[in-house]
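I have placed the structure first, in the form of structure tokens, so that the comments after it can refer back to it.
Only a predicted model underlies this, so the values are computations on that prediction, with no experimental measurement involved.
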There are 2 protein chains.
Amino acid sequence: MNSGRFAISVHILTLLTFSEDEWTPSEHLAGSININPVLVRKELANLRARGLVISKEGKAGGSKLAKPAEQIFMSDVYESVRQKELLGKAANSPNPDCEVGQKINEHLDFLNDRAEQTMIASLSSISLRDFCDRFV
Amino acid sequence: MNSGRFAISVHILTLLTFSEDEWTPSEHLAGSININPVLVRKELANLRARGLVISKEGKAGGSKLAKPAEQIFMSDVYESVRQKELLGKAANSPNPDCEVGQKINEHLDFLNDRAEQTMIASLSSISLRDFCDRFV
DNA sequence: TTGTACTGTAATTAATAAAATTACAGTAAT
DNA sequence: ATTACTGTAATTTTATTAATTACAGTACAA
């Protein structure tokens with residue numbers, strides 16, 4: 001599904017919360033997460049597109065939160081990372097000669113949407129601040 | 001995450017619902033789903049372990065639902081397929097010299113558990129019968 | 001105005017995971 | 001005994017993900 005990208009994004013945002021007001025370079029973030037800085041920069045690009053972080057280029061550049069941690073929710077992170085169906089989709093298209101095969105994907109999408117909506121609702125009740133408060 | 005296994009299992013169960021009382025061979029299921037029969041048999045093994053289907057070996061063998069479709073819920077299917085964290089986990093272990101890195105996984109587990117619980121609750125309100133009724 | 005420390009992104013390669021295939025032993029009906 | 005299945009292990013192929021390399025662009029600061 002979205003493999004480890006959600007974890008990476010939350011990790012990034014957590015680090016940025018703890019160094020509020022500073023421009024944190026991606027190299028530093030990558031060091032704590034223990035992944036390649038290019039991957040961090042890709043996730044930062046997503047988070048930026050969602051308005052969750054801002055970045056500054058050039059020397060002494062880096063990233064910081066675009067708004068207070070109270071106003072960022074885990075559902076925002078999920079949505080910045082979302083790509084594939086939550087419950088997964090069949091790799092092959094089902095046999096169109098089969099009555100069930102014809103329609104199954106449409107009905108699976110319904111399940112997916114429903115499951116995802118509930119999950120997003122549950123994540124939307126946890127702010128980045130709430131999450132970071134768990135560290136103390 | 002669980003890739004396409006949820007979709008495959010739901011597809012299997014749907015086909016078995018529509019051919020209730022017959023022993024359906026895995027070859028037939030694989031044909032409609034358009035995947036390899038060995039994969040179907042692996043999923044059947046999971047569904048069997050969860051008590052959702054029963055199988056019969058030998059000639060004229062195959063599989064059928066272990067109980068009425070009214071008593072099988074999408075949450076059961078999810079649980080039979082569940083393996084990895086819903087939201088995914090970092091591939092590498094975070095830097096233990098970093099205060100955030102040390103504890104992040106524990107806190108991510110909390111998010112995962114919470115999200116997964118809500119999602120399971122939502123899937124538990126849809127029975128296999130409900131799902132199959134959508135085909136008519 | 002040049003060096004340095006960053007970002008941003010494309011392209012490639014390496015590692016990992018998933019799916020398909022092959023193979024074959026076991027079972028039950030006929 | 002033959003046929004039509006299940007069950008599962010082992011291997012190969014394919015797809016996905018992560019890491020690496022490479023380099024152009026930007027901003028600060030000496």
Co-members of Val136(A) in a cluster of I, L, V, M, F, W and Y side chains, linked at under 4.5 Å:
none

Check DNA chain C against [range] and give the residues with a non-hydrogen atom under 4.0 Å, in numerical order.
range	value
residues 25-32 of chain B	none
residues 45-68 of chain B	Glu57(B), Gly58(B), Lys59(B)
residues 12-23 of chain B	none

Verify, without hydrogens or angle tests, whether Asp76(A) (side chain) and Phe73(A) (backbone) share a donor-acceptor contact under 3.5 angstrom.
yes

Treating Asn112(B) as the side-chain partner and Leu87(B) as the backbone partner, does any N or O pair qualify as donor plus acceptor under 3.5 Å?
yes

Can [Y] be reached from [X] by stepping across I, L, V, M, F, W or Y side chains whose heavy atoms are under 4.5 Å apart?
X	Y	result
Ile126(A)	Leu128(A)	yes
Leu13(A)	Trp23(A)	no
Leu111(B)	Phe18(A)	yes
Val40(B)	Ile54(B)	no
Val38(B)	Val53(B)	no

Contact residues, residues 94-104 of chain B to DNA chain D [heavy atom, < 4.0 Å]:
none

Reckon Asn36(A) has a side-chain N or O less than 4.0 Å from the OP1 or OP2 of dT20(D)?
yes

Rounded to the nearest Å, what distance is computed from the [atom1] atom of residue [X] to the [atom2] atom of nucleotide [N]?
X	N	atom1	atom2	value
Lys89(B)	dT16(C)	NZ	P	18 Å
Glu43(A)	dG8(C)	CD	P	13 Å
Leu44(A)	dC6(C)	CG	C1'	13 Å
Asn34(B)	dA19(C)	CG	C1'	12 Å
Lys42(B)	dT21(C)	NZ	P	13 Å

Distance alone, cut at 3.5 Å: any donor-acceptor contact between the side chains of Ser9(A) and Arg50(A)?
no

Which residue pairs pass the side chain to side chain donor-acceptor pair (under 3.5 Å) test with at least one member in residues 24-38 of chain A, sequence neighbours excluded?
His11(A)-Ser32(A), Ser19(A)-Thr24(A), Ser26(A)-Arg41(A)

Supply the atom-to-atom distance Ser125(A) OG to Asp130(A) CG, rounded to the nearest 0.5 angstrom.
8.0 Å

Check this for me, if you would: do Arg48(B) and Glu57(B) make a salt bridge, where the nitrogen-to-carboxylate-oxygen distance has to be below 4.0 angstrom?
no

Between Ile35(A) and Arg41(A), which has a closest nucleotide on DNA chain D that is more 5'?
Ile35(A)

So with a 6.0 Å cut-off around CD of Glu99(B), is the heavy-atom count from everything else above 12?
no

